[in-house]
Amino acid sequence: MCGALRASDAGKQAVLMGWVNRRRDLGNLIFIDIRDRTGLTQVVFNKERNPGLHQKAGELRNEYVIAAIGAVKLREPNTINKNIGTGEVELIAEELRILNEAKQPQFLPGDTVLPNEELRLKYRYIDLRRDAMQYNIELRHKVAIAIRDYLSSQGFFEIETPFMTRSTPEGARDYLVPSRVQPGCFYALPQSPQLFKQILMISGFDKYFQIVRCFRDEDFRADRQAEFTQIDLEMSYPQPERVWEVVEGFLTAAFKAGGYQIKTPFLRMSYDEAMRLYGSDKPDMRVPPMTDVREAFTAENLATLGVNPNLPVMTIRIPKVGELSRKERDDIKPLFVSKGRAKLFEDFKRLEKSFPEAAAKIREKTGAQADDLILVVAGDGKPGEHKSAGGVKPEVKQHDHAVYTSAGLLRVALAQKYAAKHGAFVRGDFRFLWVTDFPMFEWDDEGKRWAAAHHPFTSPHDRDMEKLESDPFAVRALAYDVVLNGTELGSGSIRIHRQDIQRKIFHALGLTEEEARARFGFFLEALEYGTPPHGGIALGLDRIVMILAGADSLREVIPFPKTARAVDLMVDAPTPVSEAQLKELGIQVRRPKD
RNA sequence: GGGGACGUAGUUCAGUUGGUUAGAACGCUGCCCUGUCACGGCAGAGGCCGCGGGUUCGAGUCCCGUCGUCCCCGCCA
C-alpha cells in the first residue's frame, strides 16, 4: 500500500497502485506522489535512466489512477521528507501503467482550502478521498465495531427489525412508502425501532441491540439528519442503573477506539437540577453553571429594574472574557432569545454602580473572578402576571422555565463566542452526564393537550402514579438522557410493562380506549401475554463519531449525507416520478402551485 | 413556519460614494528546469457577477422577487 513502505523495505521491489496526488515536474526529473487510503509514496521518474518511462510520466495528471512498479530506495539524507510516514524512501519507477485517466476535478483531495459544501456534496467521491474524510469514515467503522464487540461480549444479540413498518401519529413526521398491492396504503420508515424492541423483550430475547438507521421527516440542523444511525438497545428486568452501566461500558470501548480514555461512572443530575443550573436538559459542564441571585436584590431593587420578583434572577458567568467594549456588549444582545418574558442585563458594571450591595453579593455567590463576564437574565415584571404566586401551578413553572432556558441558551452562545478566551473547549475533554427524572408530560400548546415528553411507553415513577390525573406536570418519568459536552447523545427509559398502567397513561394523554387500540392495538395486545419489566436506550452513532472526530457537523462523519432540505446533491434525490409509477400506486399528486 | 449569513474565473476570495476594459491567489494549458515534496521561472487561456424583474444616462454594486447552500428559533415522542 502507498503508506506502508519504510526504510527497512529498501532494496525490495514494490508495486504501488493509487491516485496521482501531486506531480512535481523538474524537467528531466519527475516526482509523483501516489496516494491511497493508507498514505502517500513518492515515485521518481528519471529521464537519463529511462527516457520512455519519463515521457509517459509527463502525461500524468491529477487523480489519474496508476500502477507504479519499481525498486524501493532509501532517500539521500538531505532529501528525506519528515512530514510523511514514507518520507525516508521513494520508489524508483521501472514500469508505469495508467489504469484510468481522470477529468480535471472541481477541487482536489490535496487542496488546503475546502470548496463550499455544495460542491463537496455534489462530488462526494472526490471529497471522500480527502485525508480528513478517510479518517472520519475509518473512525466510524472502528467505533461501530468496538460497540458491537462490547455488547456481544455482554450477551446482547444484534437483531434486525423492519424498515417498512406502520405509521404512528405520535412523535416526528414519518417518511411514507406507498404500497402497490394495497393502493392507498402506506408503510412508514421507522423513527426508531421502539415497539419492535419492546416486543423482542416480550419474545424472550432479553438483551437486544442494533446499530440501525432511523428516519425522521423534520427540519434539519448541523446535528440532525433525515436518516441517522442509532445504537439501539433494550434489556429485560433492568434498573435504570443497569442500563447506564451498559452504556458506560460501550462508550468506554467506543472512545478507546477513538484514542481516548474516559472515566466512569458518569455524573448524574436530575432534570430539575439541570434546568435550574444550566437552563437546559443537556448541560455543557465545561463552563460554570448559572446561579439564581434573586436573594441578592431587595424588593425595591427588583421593582426599580422592572424585574418580576416571583421569577428566578439568573447570572451567567463566562470565565476570563475580560473587559468588553461598548460595541462588544452590544454584540451580545442579538444572541439573547427571550422565551416568554425574560429580559437581559448585559452591562454588569452599570448594575454594580446602581446596586453595589446586590452586585457584591452576586460576585460572592457566583465566585466570579475580576475578568469573568457576568450577565443577568430575569423575568420581566409585568403587572397582572403574578396571579399564580404562592402556589406551584404549572403556569409559574412554565415562566420559571422561560427564564432558565432563555439564560441557558445565552450561556451556551456566549461560551461558544468566547471559546478562545475561556479556553474550556479543549479537544479530548469529555464531560459525560446522566440527566434523570424527566417530566412524564409536556403541555402541547398547539394541540391544547398533554403530550408524552419521552414517548407514551415510558414508565412513570411509582410514587407519582397517583398524580397522573391531578397534577400531570409533577409526574416524573423513569427516563434518562446521556449528555456529552452539551450534546444529547442518547435517550432512554424504563418502559411500562403492564397493560393497566399503559391504559392510564393513554388516558392521561387524552387518548380514548378506541383511539389507543386503533393506533397501538397490536402492542397493547402483546403486553397482555406475559411482558417482563424492561427498559433501554438509543444513542446517536453519528453524534458520537462527530464528537470523537472533532467535527462540527454530522455531514463530516456520514459518507453520503443530505442537505438541510433533505436533498442528496450527488444523486439528486428526491425527484418526481413518472405518471405510470404513480398510477400503479394509486397516487395522485397535488402540486402546490395549482 | 420565522430570523440571519452567503452566492463574482475550475476553486478560494477582493471589487471603494453606482462610472469606462471586473482583479488576485491557487488550479488549468504550453515552454524551460536533475532532488523536488504546497518545487521554481516565463507565457497563456479562462467570467450569463446564481436566476428574473425594476430604479438609473449607466447596476457586480441600489430595490423587489426567486432559486440554492449554511447557521439559529419553532419543530425533532
Side-chain angles (χ1 to χ4, degrees), chain A residues 21-34 40-49 54 58 61-63 73 75-84 86-87 90 92 103-108 110-123 126 168-174 191-192 194-195 214-226 228 334-339 405-406 409 412-413 416 438 440-442 444-447 450-458 477 479 488 491-493 505 509 519-520 538 540 552-553 555 562-565 567 569:
Chain A
N21 193 57
R22 201 162 241 125
R23 88 198 134 99
R24 292 176 291 280
D25 187 344
L26 274 62
N28 290 327
L29 194 59
I30 297 174
F31 298 99
I32 298 287
D33 287 339
I34 181 169
L40 296 174
T41 300
Q42 173 165 282
V43 184
V44 188
F45 298 87
N46 193 324
K47 188 171 188 180
E48 208 169 73
R49 194 185 282 255
H54 172 272
R61 294 295 180 267
N62 290 319
E63 299 306 303
K73 180 181 152 263
R75 294 201 199 182
E76 300 296 325
N78 58 322
T79 64
I80 286 173
N81 184 350
K82 294 191 197 80
N83 299 322
I84 57 174
T86 61
E90 59 195 0
I92 307 301
K103 278 170 68 176
Q104 176 59 35
Q106 311 272 352
F107 59 97
L108 293 170
D111 283 349
T112 40
V113 273
L114 280 180
N116 74 46
E117 202 160 355
E118 218 171 325
L119 264 187
R120 290 180 56 203
L121 291 175
K122 176 160 186 201
Y123 298 97
I126 307 291
T168 52
E170 293 277 332
R173 274 182 286 268
D174 288 322
Q191 296 168 27
S192 81
Q194 183 61 37
L195 292 177
C214 302
F215 308 85
R216 290 177 194 177
D217 184 7
E218 292 295 339
D219 288 340
F220 306 108
R221 296 282 161 70
D223 62 350
R224 284 172 10 198
Q225 279 273 314
F228 59 99
L335 296 177
F336 179 68
V337 182
S338 175
K339 310 268 168 192
T405 53
S406 301
L409 284 171
V412 170
Q416 273 159 9
F438 274 79
M440 185 74 193
F441 303 104
E442 278 167 356
D444 175 6
D445 237 9
E446 232 168 88
W450 290 101
H454 186 56
H455 57 60
F457 315 107
T458 301
E488 179 197 314
S491 192
S493 64
I505 298 299
L509 289 169
R519 292 176 188 185
F520 307 110
D552 293 322
S553 163
R555 296 184 299 273
K562 293 181 175 46
T563 69
R565 294 183 61 243
V567 170
L569 292 173

Please write out the pairs of protein N or O atoms and N or O atoms of nucleotides 39-45 of chain B separated by less than 3.5 Å, giving the distance to one decimal.
{"unit_1": "B/C39", "atom_1": "OP1", "unit_2": "A/R22", "atom_2": "NE", "d": "3.4"}
{"unit_1": "B/C39", "atom_1": "OP2", "unit_2": "A/R24", "atom_2": "NH1", "d": "3.1"}
{"unit_1": "B/C39", "atom_1": "N4", "unit_2": "A/D25", "atom_2": "O", "d": "2.4"}

When you check the phosphate oxygens OP1 and OP2 of [N], does a side-chain N or O of [X] lie under 4.0 Å from one of them?
X: A/R565; N: B/G68; result: yes
X: A/N116; N: B/U11; result: no
X: A/R120; N: B/C70; result: no
X: A/R221; N: B/C71; result: no
X: A/N81; N: B/U36; result: no

If you take atom types as modelled and just measure distance, does the side chain of [X] reach the base of [N] with a donor-acceptor pair under 3.5 Å?
X: A/E90; N: B/G35; value: yes
X: A/R216; N: B/C76; value: no
X: A/N62; N: B/G27; value: no

With a 3.5 angstrom cut-off on both distances, give the Watson-Crick or G-U wobble partner of [N], or none if there isn't one.
N: B/C33; answer: none
N: B/C62; answer: B/G54
N: B/C26; answer: B/G10
N: B/U21; answer: none
N: B/C70; answer: B/G4

Candidate nucleotides [options], ranked by approach to the side chain of [X] - the nearest:
X: A/Q106; options: B/G10, B/G74, B/U36; value: B/G10
X: A/L569; options: B/U34, B/C75, B/U69; value: B/U69
X: A/R555; options: B/C70, B/U34, B/U36; value: B/C70
X: A/Q42; options: B/U36, B/C75, B/U69; value: B/U36

Checklist entry - When rounded to the nearest 0.5 angstrom, what is the spacing between CH2 in A/W450 and CD in A/E442? => result 9.5 Å
Qualifying residues under side-chain contact (heavy atoms from CB on, under 4.5 Å), relative to [X], sequence neighbours excluded:
X: A/Q191; result: A/A172, A/D174, A/R216
X: A/A477; result: A/M440, A/T458, A/A479
X: A/L335; result: A/L410, A/A413, A/L414, A/K417
X: A/D25; result: A/I30

Next on the checklist: Under the rule for ring pair (Phe, Tyr, Trp, His ring centres under 6.0 Å), what residues qualify as partners of A/F107, not counting sequence neighbours?
Outcome noted: none
Checklist outcome for this item: For A/F441, the ring pair (Phe, Tyr, Trp, His ring centres under 6.0 Å) test, sequence neighbours excluded, returns none
Sugar-phosphate, base or nothing in reach of [X], heavy atoms under 4.0 Å:
X: A/S192; result: base
X: A/I84; result: nothing
X: A/T563; result: sugar-phosphate
X: A/Q194; result: base
X: A/E48; result: base

Item to check | ring-ring contact (aromatic ring centres under 6.0 Å, His included) between A/F31 and A/F45, worked out | outcome: CA-CA 6 Å; A/F31 298 99; A/F45 298 87; 9.5 Å; no
Next on the checklist: I'd like to check the salt bridge (Lys or Arg N to Asp or Glu O under 4.0 Å) partners of A/D111; sequence neighbours left out, ordered by chain and number.
Outcome noted: none
Checklist outcome for this item: The contact string for nucleotides 4-9 of chain B, one letter per nucleotide 5' to 3', using protein heavy atoms under 4.0 Å with B, S and - for base, sugar-phosphate only and none, comes out as ------
